[in-house]
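Owing to the predicted nature of the structure, the values given are computational and were not obtained by experimental measurement. As the structure lists them, so they are numbered: ligands from 1, and atoms in each ligand from 1.
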Amino acid sequence: MADLKDPLPFADGAFDDVVASLVLHYLEDWGPTLAELRRVLAPGGRLIASVDHPFVAYTIQEPRPDYSAVTSYSFDWMLDGQLVPMRFWRRPLHAMTDAFTAAGFRLAAFSEPQPDPAAREVFPEDFPGLSAKPVFLFFVLEVPPATT
Ligand SMILES: C[S@@+](CC[C@H](N)C(=O)[O-])C[C@H]1O[C@@H](n2cnc3c(N)ncnc32)[C@H](O)[C@@H]1O
């Protein structure tokens, strides 16, 4: 397994797509990681990323953090019967888009996804709450095509 804080063991332009699903919010500094993801993507390639919605982490913390700052928060998660402290980094939306563009990506699509409507029958008690608040952000970031 690679640590996303380190250089990736792949050649420049090796991939057409990279998926970073719910992982960037474990990193304090997105700069080196996004530079590496940009490096291993071919011209015209895409980074497809999902992160925790910054509004969620902002509202669960007491006292409220400075929304404009990058701040950390922790939870204890039960993993294999053990409580493990998990540290997350919350950043404002503009810090995310600034980091993507600084790394050379173009924002192609952005969404605050809703639960699949079919989930209403499976999770009738949770569905209304999950539909009424932000949970995740999805991004599609493009590497500009090569110029001839
Ligand atoms: C919430 S899970 C998401 C797992 C999966 N990508 C998904 O969407 O279901 C977070 C993942 O981030 C990984 N992770 C956290 N920090 C990392 C780091 N510095 N480098 C690489 N992976 C990391 C963890 O190992 C874990 O697999």
Ring center gap for Tyr26 and Phe88 short of 6.0 angstrom: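 Between Phe88 and Tyr26, which both carry aromatic rings, the centre distance is below 6.0 Å.
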Ala2 touching ligand 1 at heavy-atom level, < 4.0 angstrom: yes
Please state which protein non-hydrogen atom is closest to [atom] and give its distance, to 0.1 Å?
{"atom": "atom 2 (S) of ligand 1", "value": "Leu22 O, 4.1 Å"}
{"atom": "atom 14 (N) of ligand 1", "value": "Val23 CG2, 3.6 Å"}
{"atom": "atom 6 (N) of ligand 1", "value": "Ser21 O, 2.9 Å"}
{"atom": "atom 19 (N) of ligand 1", "value": "Asp3 OD1, 2.9 Å"}
{"atom": "atom 25 (O) of ligand 1", "value": "Met1 CE, 4.0 Å"}

Ionic contact status for Arg64 with Glu62, cut-off 4.0 Å: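 Yes.
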Heavy atom of protein inside 4.0 Å of atom 21 (C) of ligand 1, strictly below: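 Yes, at least one protein heavy atom sits under 4.0 Å from atom 21 (C) of ligand 1.
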Under-4.0 Å protein heavy-atom contact, atom 27 (O) of ligand 1: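 It does not: no protein heavy atom is found less than 4.0 Å away from atom 27 (O) of ligand 1.
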Residues, nucleotides or ligands: over 12 heavy atoms within 6.0 Å of Asp16 CG: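 It does not: Asp16 CG has 12 such atoms or fewer within range.
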Over 12 foreign heavy atoms within 6.0 Å of OH, Tyr73: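 Yes - once you tally the heavy atoms of other residues, nucleotides and ligands closer than 6.0 Å, there are more than 12.
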For atom 1 (C) of ligand 1, the option (of Phe136, Phe88, Tyr26) bearing the nearest heavy atom: Tyr26
Ligand-residue contact atoms, ligand 1 with Leu27, heavy atoms, under 4.0 Å: 19 (N)
Atoms in ligand 1 flagged as close to Leu4, the criterion being non-hydrogen separation under 4.0 Å: 18 (C), 19 (N), 20 (N), 21 (C)
Parallel, tilted or perpendicular, as decided by the 30° and 60° cut-offs, for the rings of Trp30 and Phe100: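 Phe100 vs Trp30 ring planes: tilted.
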Phe55 and His53 aromatic ring geometry - parallel, tilted or perpendicular at 30°/60° bounds: perpendicular
Side chain Arg39, main chain Pro7, donor-acceptor under 3.5 Å: no
Axial cation check for Phe105 ring with Arg46, 6.0 Å and 45° limits: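 That pair does not qualify as a cation-pi contact.
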